[in-house]
*Asks:* 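Dropping the structure in here first, questions after.
Note that the numbering runs from 1 along the sequence shown for the chain. On a predicted model such as this, the values are computed, not experimentally measured, just so you know.
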Amino acid sequence: MPIENVDRHYLRMPHSERGMVVGLFGGSFNPPHQGHALVAEIALKRLGLDQLWWMVTPGNPLKSRNQLAPLAERIAESERIAADPRIKVTAFEQALGVSYTANTLARVKARNPHVHFIWIMGADSLQTFHKWQKWQEIARTFPIAVIDRPGATLSYLSSKMTRTFDFARVDEDDARVLWKKPAPAWTFIHGPRSGLSSTAIRNGASHDRAE
């Protein structure tokens, strides 16, 4: 999507202050839904975050872009459901020209050396995490909080990422101090789960149009 079609505000990294604890929640959000909002809410509460950057990506390299909605549309929908003022909707990856998480996190770390970041991901992403480019480098960049998702509660038992970094697991009860742990460090956070999924919503919309 041409960069000029998105408000310039969203193409800059959100402002943060020295010493802040900031969650990084990235995804295509195609479309965003209340399940995403629930993950963000749980992360804010359980991790003690000062901010959560809701990072709307240009596209997932592991997924087809055939059904990908325009970036501006996904940003607007994200703003609509991300009600907490600590949530900062952003699409700075578009301006950076990066599409791989490892590259994004390296840029974030370089530009914000005095901020404590935590990478946030849904448990449903664990099974394919080892297919992400430089996935072990991601795990060694920032601590990771894995938020429970329907059908994925036990995913940490079998995923390659969690087996590889089993030694770095932090007890869920210590989630609020995860930011103090040097990476690799990760925790699995249980909590309320939403059955909503972007794929199901897109398929439902396609079905409605067909009728």
*Asks:* Working to the nearest 0.5 Å, report the span between NZ of K181 and OG1 of T187.
*Replies:* 10.0 Å
*Asks:* Can you list everything that forms a side chain to side chain contact (heavy atoms under 4.5 Å, CB included) with Q51? Sequence neighbours excluded, please.
*Replies:* S16, M20, V22, W53, K88
*Asks:* Can you check side-chain contact (heavy atoms from CB on, under 4.5 Å) on V98 and Y100, steps first, answer last?
*Replies:* CA-CA 6 Å; V98 296; Y100 291 103; over 6 Å; no
*Asks:* Look at the rings of W135 and F165 and say which category their plane angle falls in: under 30° parallel, 30 to 60° tilted, over 60° perpendicular.
*Replies:* perpendicular
*Asks:* Nearest 0.5 Å, please: how far is CG in N5 from CG in L71?
*Replies:* 9.5 Å
*Asks:* side-chain contact (heavy atoms from CB on, under 4.5 Å), that's the test. Do I120 and V146 meet it? Break it down for me.
*Replies:* CA-CA 6 Å; I120 296 164; V146 182; over 6 Å; no
*Asks:* Heavy-atom distance under 4.5 Å between the side chains of T162 and F188, does that happen here?
*Replies:* no
*Asks:* Does R74 use its side chain to pair, donor to acceptor, with the backbone of V56 at less than 3.5 Å?
*Replies:* no
*Asks:* Is a side-chain N or O of W119 found less than 3.5 angstrom from the main chain of A145, in a donor-acceptor match?
*Replies:* no
*Asks:* Kindly determine whether F25 and H36 satisfy side-chain contact (heavy atoms from CB on, under 4.5 Å), including the steps that lead there.
*Replies:* CA-CA 9 Å; F25 183 34; H36 295 132; 4.2 Å; yes
*Asks:* Please identify each residue that fulfils side chain to side chain donor-acceptor pair (under 3.5 Å) with T141, with sequence neighbours left out.
*Replies:* none
*Asks:* Checking S158 against Q127 for the side-chain hydrogen bond (donor to acceptor under 3.5 Å, both in side chains) test, could you report, in this order, the C-alpha distance in whole Å, the side-chain angles of both residues, the deciding distance, and whether it holds?
*Replies:* CA-CA 8 Å; S158 58; Q127 292 299 331; 3.0 Å; yes
*Asks:* Could you give the distance from CG (L24) to CD1 (I118), rounded to the nearest 0.5 Å?
*Replies:* 9.0 Å
*Asks:* Would you sort out whether M13 and N112 count as a side-chain contact (heavy atoms from CB on, under 4.5 Å), showing the intermediate values?
*Replies:* CA-CA 10 Å; M13 286 188 196; N112 304 273; 3.6 Å; yes
*Asks:* Check whether the side chains of Y10 and E79 place a donor and an acceptor atom closer than 3.5 Å, and report yes or no.
*Replies:* yes
*Asks:* Check whether any side-chain N or O of E172 sits under 3.5 Å from a backbone N or O of H190 as a donor-acceptor pair, and report yes or no.
*Replies:* yes
*Asks:* If you measure only the distance, is there a donor-acceptor pair under 3.5 Å linking the side chains of T101 and Q133?
*Replies:* no
*Asks:* Among V170, I189, V21, I144, exactly one meets side chain to side chain contact (heavy atoms under 4.5 Å, CB included) together with L178. Which residue is that?
*Replies:* V170
*Asks:* So how far is it from L11 CG to T90 OG1, rounded to the nearest 0.5 Å?
*Replies:* 7.5 Å
*Asks:* Taking the six-membered ring where the residue is Trp, are the ring centres of W54 and F29 under 6.0 Å apart?
*Replies:* yes
*Asks:* Using modelled atom types and a 3.5 Å cut-off, is there a donor and acceptor pairing between side-chain atoms of T57 and backbone atoms of G27?
*Replies:* yes
*Asks:* So, does R176 use its side chain to make a donor-acceptor pair with the main chain of K45 at under 3.5 Å?
*Replies:* yes
*Asks:* Taking all non-hydrogen atoms of both residues, which atom of A37 and which atom of I81 are closest, and how far apart?
*Replies:* CB-O, 4.0 Å
*Asks:* Under 3.5 Å, is there a donor-acceptor pair between the side chain of T128 and the main chain of K131?
*Replies:* no
*Asks:* Are the charged groups of E137 and R140 less than 4.0 angstrom apart, N to O?
*Replies:* no
